[in-house]
Amino acid sequence: MGKGKAFIFTAPSGSGKTTIVKHLLEVNPNLGFSISASTRDKRGRSEENGKDYYFLSKEEFRQKIEEDAFVEWEEVYTGNYYGTLKQEVQNIWDEGKHVVFDVEVKGAQNLKRYFGDDALAIFVKVPSMEILKERLTGRGTESAESLSQRFYRAEFEMTFENKFDVTLVNENLDESFKKAEELVNDFLKK
Ligand code: ADP
Ligand code: 5GP
């Protein structure tokens with residue numbers, strides 16, 4: 001069984017972790033994205049089943065819990081479940097790649113516990129709550145109800161900053177891309 005390293009990106013929704021993770025996957029062919037399972041609705045044309053998430057019904061998700069198919073899972077927003085699939089991680093390692101996760105803070109802590117020293121956990125921080133709100137609203141993907149749930153949860157998620165290995169302040173995007181590349185390369189050299 002192959003076993004690579006793991007990079008866990010975590011942050012409140014709207015901080016920019018998906019943007020940073022997508023960049024890393026473009027520039028580094030040795031990384032593979034762990035596609036999570038989720039019961040939330042797919043975002044119109046911007047997302048694809050099997051690429052951004054495996055979009056499952058609640059029943060299918062419950063079935064996976066029973067089969068013990070998840071490394072971790074959380075009910076991130078009321079009625080919306082998200083989880084990391086064991087098989088997904090194994091497939092990436094079997095390809096000889098290192099795995100990259102984009103998860104909320106509790107899942108990130110569980111993944112860090114699970115992978116230990118083989119994992120680097122990176123908290124992506126926004127300079128302020130105002131900027132986070134602007135970014136999340138500007139993305140234009142969320143309903144009013146979903147935005148308010150995300151703002152509410154972001155306050156809670158911001159308090160987790162010190163629980164991870166490093167903080168990446170996402171102010172200027174190009175600088176964040178460089179910083180993220182450096183963090184990955186340095187960790188792989190260790
Ligand atoms: P998350 O995955 O953490 O929810 P996203 O990557 O979707 O966040 O980013 C939220 C929005 O903010 C997107 O519209 C993205 O293009 C934008 N964004 C990300 N980083 C920056 C940045 N440094 N400056 C300005 N806008 C950004
Ligand atoms: P979104 O709906 O914006 O795609 O994701 C909402 C939140 O769920 C984000 O913080 C995202 O990182 C997180 N998330 C995505 N997949 C998983 C997962 O497998 N497990 C956990 N715990 N959180 C996840």
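When a ligand or atom number is given, it counts from 1 through the structure's own listing order. Worth knowing before you read on, the calculation uses all heavy atoms, side chains too, and leaves out hydrogens, waters and symmetry mates.
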What do you reckon, does [X] put a non-hydrogen atom under 4.0 Å from ligand 2?
X    : answer
Y77  : yes
K17  : yes
Y53  : yes
R43  : yes
R150 : yes

Can you name the atoms of ligand 2, numbered from 1 with element, that are less than 4.0 Å from a heavy atom of [X]?
X    : answer
T84  : 19 (O)
R40  : 1 (P), 2 (O), 4 (O)
G107 : 22 (N)

Taking L24's backbone N and O only, do any of them form a donor-acceptor pair with N28's side chain (distance below 3.5 Å, no angle check)?
no

Check whether any side-chain N or O of E104 sits under 3.5 Å from a backbone N or O of P12 as a donor-acceptor pair, and report yes or no.
no

Using a 4.0 angstrom limit on heavy atoms, which residues are close to ligand 1?
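Contacts of ligand 1 under 4.0 Å: P12, S13, G14, S15, G16, K17, T18, T19, R135, R139, N170, E171, L173.
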
Atom CZ of R135 and atom OG1 of T19: how far apart are they, to the nearest 0.5 Å?
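If I round to the nearest 0.5 Å, the distance is 8.5 Å.
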
Purely on distance, is any nitrogen or oxygen of [X] under 3.5 Å from one on ligand 2?
X    : result
E157 : no
E104 : yes
V76  : no
E74  : no

Nearest neighbour in protein (non-hydrogen) for [atom]:
atom                    : answer
atom 20 (N) of ligand 2 : E72 OE2, 2.7 Å
atom 19 (O) of ligand 2 : S36 OG, 2.7 Å
atom 11 (C) of ligand 2 : D102 OD1, 3.7 Å

With no hydrogens and no angle check, just 3.5 Å: does a side-chain donor-acceptor pair link [X] and [Y]?
X    : Y   : value
N91  : Q87 : yes
E88  : S34 : no
N170 : S15 : no

[X] with [Y]: basic N within carboxylate O range, under 4.0 Å:
X    : Y    : answer
R62  : E67  : no
D118 : K5   : no
D117 : K190 : no

Around atom CG of N30, are there more than 12 heavy atoms of other residues, nucleotides or ligands at under 6.0 Å?
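Check passes, neighbour count above 12.
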
Parallel, tilted or perpendicular: ring planes of F177 versus H23, cut at 30 and 60 degrees
parallel

Should the ring pair F123 and F164 be called parallel, tilted or perpendicular, given that the plane angle runs from 0 to 90° and is split at 30 and 60?
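Rings of F123 and F164: parallel, as their planes differ by under 30°.
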
Within 45° of the six-membered ring axis of F70 and under 6.0 Å from that ring's centre, is NZ or CZ of K64 located there?
no

Walk me through whether R43 and R139 qualify under side chain to side chain contact (heavy atoms under 4.5 Å, CB included).
CA-CA 11 Å; R43 287 175 192 147; R139 194 171 69 188; 3.1 Å; yes

Which is closest to atom 24 (C) of ligand 2 by heavy-atom distance: V103, L85, D41?
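The option holding the nearest heavy atom is V103.
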
